Undergrad: 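I have a structure I would like to understand better, so I am pasting it below and will then ask my questions one at a time.
Letters A, B, ... mirror the listed sequences (proteins, then strands); counts begin at 1. Quick caveat, the model's predicted, so the values are computed rather than measured.
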There are 2 protein chains.
Amino acid sequence: MSTNRRETKQRVAVSAALDQVNEFVSAQQLHSILRDTSDGVGLATVYRTLQQLAEDGEVDVVKTADNESMYRRCSRGHHHHLLCRSCRRTVEVESPSIEKWAQKVASANGFAEVDHVVEITGICADCQAR
Amino acid sequence: MSTNRRETKQRVAVSAALDQVNEFVSAQQLHSILRDTSDGVGLATVYRTLQQLAEDGEVDVVKTADNESMYRRCSRGHHHHLLCRSCRRTVEVESPSIEKWAQKVASANGFAEVDHVVEITGICADCQAR
DNA sequence: TCATACATGGGACTCATTCTCAAATATTGG
DNA sequence: CCAATATTTGAGAATGAGTCCCATGTATGA
Ligand SMILES: [Zn+2]
Ligand SMILES: [Zn+2]
Ligand SMILES: [Zn+2]
Ligand SMILES: [Zn+2]
């Protein structure tokens with residue numbers, strides 16, 4: 001809700017850690033990454049910070065098949081993801097036609113406050129080559 | 001993987017209960033619905049049965065925002081859903097162009113074994129009028 | 001009817017995520 | 001710089017969906 005966030009070393013640490021990975025990572029992974037380096041950050045704080053970053057549109061969130069939230073610093077603006085189920089390599093994809101389609105289907109059926117989830121998964125070329 | 005399922009009264013009960021609702025329901029909801037009628041069905045069995053029905057393509061599964069799996073008996077064949085976040089009213093939608101788009105984006109990036117998740121949510125006309 | 005492979009369910013267990021709240025700390029007005 | 005104050009932190013407890021274990025029950029086919 002609020003946009004007034006204090007700059008604590010924990011928040012900086014989480015943000016910095018996110019910058020070091022290019023794929024989606026879970027709160028737990030980030031927590032153990034931070035455990036090793038310098039002063040660790042509490043798990044609760046990692047969760048809170050990631051949620052806030054997501055609220056602020058700083059990171060994107062996707063859910064794995066086994067219900068784990070994964071976070072990634074993405075480019076700003078609405079987009080979707082094509083991601084490798086094996087190595088989590090991520091490709092951001094944009095498609096105005098998909099957005100229009102979703103909106104059209106919804107309003108054609110009388111729905112308002114439309115939202116949508118569109119994610120494509122697969123096995124990337126590298127992972128296919130094993 | 002197997003398709004050899006025995007016809008037990010529990011399985012019949014779960015399947016019948018599913019037929020009585022037209023929206024997506026969770027395993028827990030189905031369990032408490034069944035608790036009231038006749039002989040209840042164990043929670044573990046409800047989960048198992050729903051999973052099997054999903055495997056067999058008898059029901060569709062969607063995840064709520066708070067990571068709960070919801071099941072619904074849908075028409076056969078691949079399709080997606082437009083669903084009301086308030087009352088869970090569901091509209092099945094088909095769109096060959098979306099399917100082609102997903103496949104094209106994936107192969108253009110060297111991905112194989114492509115899968116995708118496409119769900120549209122909103123507030124239905126009735127819930128807006130509420 | 002019998003043998004037996006498969007199904008059931010109560011309860012313990014997992015595990016991501018949230019909650020609690022006292023102690024730590026960033027911010028700010030003076 | 002300093003004290004007052006509003007936030008933030010984090011260790012551990014709590015939550016809750018879903019899974020597992022396994023002794024008991026049963027659908028099914030010979
Ligand atoms: Zn890969
Ligand atoms: Zn979109
Ligand atoms: Zn509705
Ligand atoms: Zn599709």
Side-chain angles (χ1 to χ4, degrees), chain A residues 1-18 21 23-56 58-72 85 88, chain B residues 1-18 21 23-56 58-72 85 88:
Chain A
M1 316 259 181
S2 155
T3 316
N4 246 29
R5 315 237 119 112
R6 291 188 177 176
E7 177 167 316
T8 64
K9 65 167 163 292
Q10 290 88 341
R11 211 160 276 173
V12 171
V14 170
S15 203
L18 264 178
V21 282
E23 310 83 37
F24 279 91
V25 286
S26 68
Q28 306 268 2
Q29 289 175 320
L30 226 38
H31 176 243
S32 69
I33 286 174
L34 289 167
R35 186 203 313 271
D36 303 331
T37 70
S38 61
D39 338 75
V41 175
L43 182 57
T45 300
V46 174
Y47 272 106
R48 259 186 313 243
T49 304
L50 288 173
Q51 278 170 194
Q52 293 169 343
L53 288 173
E55 269 176 26
D56 298 349
E58 290 277 322
V59 303
D60 275 0
V61 191
V62 299
K63 308 269 182 89
T64 62
D66 49 325
N67 282 337
E68 195 172 4
S69 291
M70 309 283 287
Y71 304 83
R72 176 176 187 268
R85 286 189 299 272
R88 304 233 168 267
Chain B
M1 297 295 170
S2 156
T3 315
N4 245 29
R5 317 237 116 112
R6 289 187 179 176
E7 178 166 314
T8 64
K9 66 165 163 290
Q10 290 90 340
R11 208 160 278 175
V12 171
V14 170
S15 202
L18 265 179
V21 283
E23 310 84 36
F24 279 90
V25 286
S26 67
Q28 306 269 359
Q29 289 175 319
L30 226 37
H31 176 242
S32 68
I33 287 174
L34 290 167
R35 184 200 322 267
D36 303 332
T37 69
S38 60
D39 338 77
V41 175
L43 183 57
T45 301
V46 173
Y47 273 107
R48 259 187 311 243
T49 304
L50 287 173
Q51 280 168 193
Q52 293 169 344
L53 288 172
E55 268 176 27
D56 299 349
E58 289 278 322
V59 303
D60 275 0
V61 191
V62 299
K63 307 268 184 95
T64 62
D66 48 324
N67 280 337
E68 194 173 3
S69 292
M70 309 283 286
Y71 304 82
R72 176 178 186 269
R85 286 189 298 273
R88 304 234 169 269

Undergrad: Applying ring-ring contact (aromatic ring centres under 6.0 Å, His included), can you list everything that pairs with F24(B), at least two apart in sequence or on another chain?
TA: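 So F24(B) forms a ring-ring contact (aromatic ring centres under 6.0 Å, His included) with H81(B).
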Undergrad: List in chain and number order the residues that pass side chain to side chain donor-acceptor pair (under 3.5 Å) with T45(A), two or more places apart in sequence or in another chain; answer none if no residue qualifies.
TA: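 Here the qualifying residues are R48(A).
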Undergrad: Pairs of donor and acceptor atoms involving the side chains of residues 6-13 of chain A, under 3.5 Å and at least two apart or interchain, shall be tabulated with distances.
TA:
residue: T8(A); atom: OG1; partner: R11(A); partner atom: N; Å: 3.2
residue: R11(A); atom: NH1; partner: R6(A); partner atom: O; Å: 3.2
residue: R11(A); atom: NH2; partner: Q52(A); partner atom: OE1; Å: 3.3

Undergrad: Taking only residues two or more places apart in sequence, or in another chain, which ones meet A16(B) in a side chain to side chain contact (heavy atoms under 4.5 Å, CB included)?
TA: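 None.
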Undergrad: What nitrogen or oxygen pairs link the protein and nucleotides 19-27 of chain C at under 3.5 Å?
TA:
residue: dA26(C); atom: N3; partner: R6(A); partner atom: NH1; Å: 3.1

Undergrad: On DNA chain D, reading 5' to 3', which nucleotide is the first and which the last to sit with an atom under 4.0 Å from a heavy atom of chain B, could you check?
TA: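 Going 5' to 3' along DNA chain D, contacts run dA17(D) to dT28(D).
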Undergrad: Let me know the distance between CG of L50(B) and P of dA7(C), rounded to the nearest Å.
TA: 15 Å
Undergrad: Report for the helix from dT1(C)-dA30(D) to dG30(C)-dC1(D): angle between first-end and last-end helix axes, five pairs each, rounded to 10 degrees.
TA: 30°
Undergrad: Can you list everything that forms a side chain to side chain donor-acceptor pair (under 3.5 Å) with S15(B)? Sequence neighbours excluded, please.
TA: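 S15(B) satisfies side chain to side chain donor-acceptor pair (under 3.5 Å) with R73(B) only.
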Undergrad: Please enumerate all residues that pass salt bridge (Lys or Arg N to Asp or Glu O under 4.0 Å) together with R72(A), with sequence neighbours excluded.
TA: E92(A)
Undergrad: Once you round to the nearest 0.5 Å, how far does OH of Y47(B) lie from OG of S69(B)?
TA: 8.0 Å
Undergrad: How far does NE2 of H31(A) sit from CG of D36(A), to the nearest 0.5 angstrom?
TA: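 H31(A) atom NE2 to D36(A) atom CG measures 10.0 Å (nearest 0.5 Å).
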Undergrad: Restricting both atoms to N or O, compile the protein contacts to nucleotides 13-17 of chain C shorter than 3.5 Å, with distance only.
TA:
residue: dT17(C); atom: OP1; partner: S69(A); partner atom: N; Å: 2.9
residue: dT17(C); atom: OP2; partner: Y47(A); partner atom: OH; Å: 2.7

Undergrad: Roughly how far, to the nearest 0.5 Å, is the CD atom of E58(A) from the OG1 atom of T49(A)?
TA: 12.0 Å
Undergrad: State, yes or no, whether a side-chain contact exists between V41(A) and L30(A) at a heavy-atom distance under 4.5 Å.
TA: no
Undergrad: In chain order, what residues pass the side chain to side chain donor-acceptor pair (under 3.5 Å) check against E23(A), with sequence neighbours excluded?
TA: none
Undergrad: Can you name the residues that form a side chain to side chain contact (heavy atoms under 4.5 Å, CB included) with S32(A), not counting sequence neighbours?
TA: R35(A)
